[in-house]
There are 2 protein chains.
Amino acid sequence: MSAAQSAVETIQREMTIFARRARASAGRMHPELSLVSYTLLGHLEEEGGCRATDLAAHYALDKSTVSRQVAALERARLIERRLDPEDHRVQVLHLTEAGREILAQVTRSRRAAFRERLAGWPEEDLVRFAAYLERYNAGPGGAGAD
Amino acid sequence: MSAAQSAVETIQREMTIFARRARASAGRMHPELSLVSYTLLGHLEEEGGCRATDLAAHYALDKSTVSRQVAALERARLIERRLDPEDHRVQVLHLTEAGREILAQVTRSRRAAFRERLAGWPEEDLVRFAAYLERYNAGPGGAGAD
DNA sequence: CGTTCTAGTTGTATAGTACAACTTGATGCG
DNA sequence: CGCATCAAGTTGTACTATACAACTAGAACG
């Protein structure tokens with residue numbers, strides 16, 4: 001087998017290991033925010049508010065799933081809904097102050113975990129690894145993580 | 001922010017994106033084998049048979065979870081249980097011929113997906129990316145993917 | 001108008017998971 | 001030996017995330 005083929009196999013194996021571990025540990029590290037909730041909140045922060053339908057499309061989730069996640073986040077007072085005055089079918093979702101705080105806190109703790117895991121890596125390797133990951137995720141067929 | 005810090009943030013973000021996508025697409029691409037089942041079967045193949053308790057410990061799953069997964073895999077005739085003659089509490093799990101085939105088939109299809117995604121990468125980059133991933137996963141605190 | 005489209009909710013079902021209680025077999029101690 | 005304790009697995013129960021289908025409410029367009 002060529003070096004390229006064997007590298008692809010390693011990438012497959014290691015990405016699978018990572019995905020499995022992430023799945024296993026996601027809920028336990030941040031009980032206040034599941035991986036999906038974290039992602040949705042992060043998206044709201046980036047976008048400065050968006051519709052549930054946008055979240056569903058962007059993350060390839062069913063609108064009913066998003067609806068329930070959003071309902072939970074609203075119950076927890078992390079987001080609020082504002083009726084779009086232009087179109088009364090639409091509810092624009094916004095982070096609350098509490099939501100922003102929780103998001104920042106979870107982001108900090110995740111960042112710390114990654115930093116610790118990457119401690120001791122030479123800067124040059126960090127930069128290259130980051131570039132490879134971006135390239136991988138941006139690759140053709142946007143959704144295919146598997 | 002230093003280049004190193006910004007690289008760590010990128011790694012965090014891209015790994016999170018990957019984990020979310022993997023989670024979303026895992027079940028859909030291989031209806032015959034969930035990501036966990038695939039992993040368990042793969043472990044059985046590597047080890048050439050092991051106990052349910054070993055699987056639970058290795059993948060940080062509850063023994064009841066493994067018990068049900070194993071039951072499903074046995075119902076599907078992908079694995080079989082053999083009572084350990086030394087200790088009648090223990091059931092040693094083995095792949096069946098069908099299990100080996102399904103595993104090989106899913107592995108092939110996953111490999112094809114990765115190969116397609118990585119098509120066009122220079123061999124040198126594949127090799128380096130693979131090395132970074134191995135280093136990341138092998139890193140301190142074995143479980144922390146998050 | 002009414003038909004059709006869109007945003008979102010709710011009913012229902014499934015998978016994966018954990019925890020606790022239990023069963024069965026092994027081990028060890030007095 | 002015989003009883004207490006430990007270990008492997010199973011089963012009961014509950015919860016979360018998810019999808020699909022049916023529905024409601026509002027908008028758009030002829």
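What you are looking at is a predicted structure, and each value in this text was computed from that prediction instead of being measured. Chain naming here is simple, since letters A, B, ... match the order of the sequence lines and numbering starts at 1 in each.
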Legend entry - Listed partners of A:His88 passing ring pair (Phe, Tyr, Trp, His ring centres under 6.0 Å), at least two apart: none
Inset, instruction - State whether the number of non-hydrogen atoms from other residues, nucleotides or ligands found under 6.0 Å of A:Glu124 atom CD is greater than 12. - result: no
Inset, instruction - Determine, using the 4.5 Å side-chain heavy-atom cutoff (strictly less than), whether B:Val106 and B:Leu55 are members of one ILVMFWY cluster. - result: yes
Inset, instruction - Determine the contact category for A:Val70: base if any of its heavy atoms lies under 4.0 Å from a base atom, sugar-phosphate if only primed atoms, P, OP1 or OP2 are that close, otherwise nothing. - result: nothing
Inset, instruction - Check each residue of residues 74-93 of chain A for a non-hydrogen atom within less than 4.0 Å of any atom in DNA chain C, then write out the ones that pass by number, or none. - result: A:Arg81, A:Arg89, A:Val90, A:Gln91
Legend entry - d(CZ, B:Arg51; C1', D:dA7) in whole Å: 9 Å
Legend entry - Phosphate contact (D:dT18 OP1 or OP2) by A:Gln69 side-chain N/O below 4.0 Å: yes
Legend entry - Straight-line distance of B:Thr96 OG1 to B:Glu80 CD, nearest 0.5 Å: 6.5 Å
Legend entry - Rounded (10°) bend between the five-pair end axes of the helix from C:dC1-D:dG30 to C:dG30-D:dC1: 0°
Inset, instruction - Could you list who else is in A:Val92's hydrophobic cluster, with ILVMFWY side chains joined at under 4.5 Å, directly or through other members? - result: A:Val90
Legend entry - Listed partners of A:Glu123 passing side chain to side chain donor-acceptor pair (under 3.5 Å), at least two apart: none
Inset, instruction - To the nearest 0.5 angstrom, please state how far the NE2 atom of A:His58 sits from the OG1 atom of A:Thr53. - result: 14.0 Å
Legend entry - Main-chain N/O of B:Lys63 paired with B:Ser67 side-chain donor or acceptor, under 3.5 Å: no
Inset, instruction - Pick base, sugar-phosphate or nothing for B:Val66, based on heavy-atom distances below 4.0 Å to the nucleic acid. - result: nothing
Inset, instruction - Would you indicate which nucleotide in C:dA7, C:dT17, D:dA8 comes nearest to any side-chain atom of B:Thr53? - result: D:dA8
Legend entry - Interatomic distance, B:Leu73 CG vs C:dA15 P [rounded to whole Å]: 13 Å
Pairs under 3.5 angstrom, nitrogen or oxygen only, protein versus nucleotides 10-14 of chain C, please.
residue : atom : partner : partner atom : Å
C:dG11  : N7   : A:Arg68 : NH2          : 3.2
C:dG11  : O6   : A:Arg68 : NH2          : 2.3
C:dT12  : O4   : A:Arg68 : NH2          : 3.2

Inset, instruction - Starting from C1' on D:dA8, measure out to CG on B:Leu61 and report it in whole angstrom. - result: 16 Å
Legend entry - Nearest non-hydrogen partners of A:Tyr132 and B:Trp121, listed with the distance: O-CH2, 3.4 Å
Inset, instruction - Using a strict 4.0 Å threshold on nitrogen-to-oxygen distance, state whether B:Asp125 and A:Arg128 make a salt bridge. - result: no
Inset, instruction - Could you check how far OH of B:Tyr59 sits from C1' of C:dG16, rounded to whole Å? - result: 17 Å
Inset, instruction - Spell out, as yes or no, whether a donor-acceptor pair under 3.5 Å connects the side chain of A:Thr16 to the backbone of A:Gln12. - result: yes
